[in-house]
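Every chain is numbered from 1 and lettered A, B, ... according to where its sequence line falls, protein lines coming before strand lines. The shown structure was predicted, so the numbers you read here are calculated from the model rather than taken from an experiment.
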Protein chains: 2
Amino acid sequence: MLDERKKRVLQAIVEEYIQTAEPVSSNAIMNCEGLECSSATIRNEMAELEKMRYLEKPHTSAGRVPSAKGYRYYVDELLQEDKITLEEIKYISEKLENKVNQIEEITQIASSTISEITHYTTVAIGPNTNEQIIENIRFVLLNSRMMMAVILTDTGLVKETIIKFDEDITENQVQTLSYMFNNKLKGQPITKIDKPLEKYLVDEMSYSVNLIKPIIEQMKKVVEEESIHLEGATRLLELPEFNSLEVAKNFVNILDEKELMADMLNTGFAKDINVYIGEENEKEELKDFSIVTFKHRIGNKDLGTIGIIGPKRMDYAKVISVMKYISKKLNGNDTKKDE
Amino acid sequence: MLDERKKRVLQAIVEEYIQTAEPVSSNAIMNCEGLECSSATIRNEMAELEKMRYLEKPHTSAGRVPSAKGYRYYVDELLQEDKITLEEIKYISEKLENKVNQIEEITQIASSTISEITHYTTVAIGPNTNEQIIENIRFVLLNSRMMMAVILTDTGLVKETIIKFDEDITENQVQTLSYMFNNKLKGQPITKIDKPLEKYLVDEMSYSVNLIKPIIEQMKKVVEEESIHLEGATRLLELPEFNSLEVAKNFVNILDEKELMADMLNTGFAKDINVYIGEENEKEELKDFSIVTFKHRIGNKDLGTIGIIGPKRMDYAKVISVMKYISKKLNGNDTKKDE
DNA sequence: TTTTAGCACTCGATTATGTCGTTTGCTAAT
DNA sequence: ATTAGCAAACGACATAATCGAGTGCTAAAA
């Protein structure tokens, strides 16, 4: 356990470093509130905090920098969560009240709003489609060889896709197909759209393969697509830690790895808001970054995940306040209730 | 007019510089084919080419670098267009034969294929929707307050959108709406979906505003959206000219400017393949880049544009060969005919 | 007249050297 | 327990020195 003054010193160092990105000297924080003592005293405290691994020194004659442990302590114990302004609250409300027609859109709007306010990069992924239950399927004949399939799920997700055939189809065929598919799939998990169903329809119900195969394949494809949406990808490049070309490239490459991003957003959701600091990230590539995530859900239905990625010295207080607010707004707001 | 040896020298310098990104010395090209003379002779030729503005010198004791004029001459007169390999041809064929269901998809596939083969960044934009003629409109009731609208155009473009209402709607209403919209819009340019139509339907045909307004607004919105698709955005960062953080950031920012990208792809289509070298670009921001574009079209119908963006010393021979090949494949291939 | 060998000169890149300022850690006094 | 004072550490920055690739010119050779 840290005594009161050590807490103050740690907090001051973390906050100063978050702001300046420069190692923090004993002088720099001497005048912080709650620290009315000389720089020498602070140096002693700093030496002890370093021994306890809350702080690190880039080299002998530099100031101190928080370690991952230091940030962690700060996030868990010291940070104040009211770092969201009235303007920001207003801005968020405006953004989220925009009428949207697709459930995925609201996640993206939330994501981009967070990026705008915090100036970090955000990632939004759509709901895990595997968990969805089919509520309804519509087939629409577009022309003699094209049909559109629309899948509605219990969470309000709408997936549509165009299906092309090698032979002409009729309005009548579409009708019976529609009936058939709804009959088999209504109330079923979306994963049922798969080979076995194709086999059943062809073998048992003696539909033509040429008809069924493209439908199943295309529907399966569109249902499995995962949507990843990046926002403010270039924002981090403005930060001083990305002044080295190496680091900048590394970051850009990370963003390119869709897989990694998806994985990153899908690890552990113990709490409402999840914070991973530097080495706490499972992925080696992310050890220089911090990540904060939350899930957009109604009840226990997953509607998508939003994550923010920034430097280890990210402004946790701000980020967490904003994300908590938006999370509440999204997850509380079920359909109605403004402001 | 350049004499034969000057052409050889210019060509050698351009090609060497394209490969190495280093100023080319008289020694370096001494042994190129067609240049069996001493470095001193080459130096004299280089001095003259510089006087004629085909070459530039970064500083006194460095080799030469092609000017925009030099590149232009190379592209127009010297470049050999057979720099596409059999493997590449095969790879392109495979990619393009993938069944796609959306006309826009094929443009994107072509775009990403080009990026993969050339290692530059490519941009694809969808067709100019304004020019499209409406062939058919379908309305599908999804649930009591949601409808999907599907618009088919003469070029095979399919645009769909979800429309939400504040009041319940019935299958019947959807039917009459469908009839009405098709009646008014079939054969009309897509730009007719606009305020005047809304006004007409509400005022003259006495439909409810609550019904018509969301439909028109949403359809208008989806029709006007321009799709811009980037591929290989980070590829250029590997090139030596992007080793300076300044340039790299600048490049990333350019890619961020969707407007700029769209503009860039929409300037002048005098030829099949259009090449803009450095300062030839209208936009100030692009003066350090070269851009090669072509239009995907069937007959005189615009189906989208594909552009490649790279350094001024881009491998024009390769890029142009590849783009010519793909362009022919896309624009020739109307629907059928494999290989 | 054209080509080429030879050579002085230019100039950026790289490396070495020196100086400065910040910050620490320790000691001794408070 | 705190603090003033001071030597030592060390990166950052500026300056100087060196190196070498490449040119342009001159004069000789073809």
Using whole Å, report how far [atom1] of [X] lies from [atom2] of [N].
{"X": "L55(A)", "N": "dT23(C)", "atom1": "CG", "atom2": "C1'", "value": "15 Å"}
{"X": "I42(B)", "N": "dT2(C)", "atom1": "CD1", "atom2": "C1'", "value": "15 Å"}
{"X": "E45(B)", "N": "dT3(C)", "atom1": "CD", "atom2": "P", "value": "7 Å"}
{"X": "E50(A)", "N": "dT23(C)", "atom1": "CD", "atom2": "P", "value": "16 Å"}
{"X": "R43(A)", "N": "dC26(C)", "atom1": "CZ", "atom2": "C1'", "value": "10 Å"}

With a strict under 4.0 Å distance from non-hydrogen atoms of chain B, what nucleotide opens and what nucleotide closes the contacted stretch of DNA chain D, reading 5' to 3'?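 Range of nucleotides touched by chain B: dA21(D) to dG24(D).
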Heavy-atom donor-acceptor pair, S61(A) side-chain to dT23(C) base, under 3.5 Å: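 No, no donor-acceptor pair under 3.5 Å.
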Candidate list V247(A), L236(A), I18(A), test side-chain contact (heavy atoms from CB on, under 4.5 Å), partner P311(A), passing option: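 Single pass found, and it is L236(A).
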Give S26(A) one of three labels, base, sugar-phosphate or nothing, depending on what nucleic acid heavy atoms sit under 4.0 Å from its own.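 Sugar-phosphate: the residue S26(A), judged by heavy atoms under 4.0 Å, touches backbone atoms but no base.
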For N44(B), answer base if it contacts any base atom (sugar-phosphate contacts may also be present), sugar-phosphate if it contacts only those atoms, and nothing otherwise; contact means non-hydrogen atoms under 4.0 Å.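 Here N44(B) touches the bases of the nucleic acid.
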Compare all side-chain heavy atoms of F251(A) with those of T121(A) and state whether any distance is below 4.5 angstrom.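 Sidechains of T121(A) and F251(A): in contact.
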On DNA chain C, nearest-nucleotide positions of H59(B) versus E36(B): which is more 5'?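 First, find each residue's nearest nucleotide; the 5'-ward one identifies E36(B).
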Please state whether the phosphate of dC11(C), meaning OP1 or OP2, lies under 4.0 angstrom from any side-chain nitrogen or oxygen of T60(B).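 For T60(B), the contact criterion (side-chain N or O under 4.0 Å from OP1 or OP2 of dC11(C)) is met.
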Donor-acceptor contact present, side-chain N250(A) to main-chain E246(A), <3.5 Å: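 Not a single qualifying donor-acceptor pair exists.
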N/O donor-acceptor pair under 3.5 Å between N281(A) side chain and G278(A) backbone: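 Judged by distance alone, yes, a pair lies under 3.5 Å.
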My understanding is that only one of E280(A), E279(A), E241(A) makes a salt bridge (charged side-chain N to carboxylate O under 4.0 Å, His left out) with K312(A); could you say which?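 The passing option is E279(A).
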Between E45(A) and R5(A), does at least one N-O distance fall below 4.0 Å, as a salt bridge requires?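 Judged by the 4.0 Å cut-off on N to carboxylate O distance, E45(A) and R5(A) do form a salt bridge.
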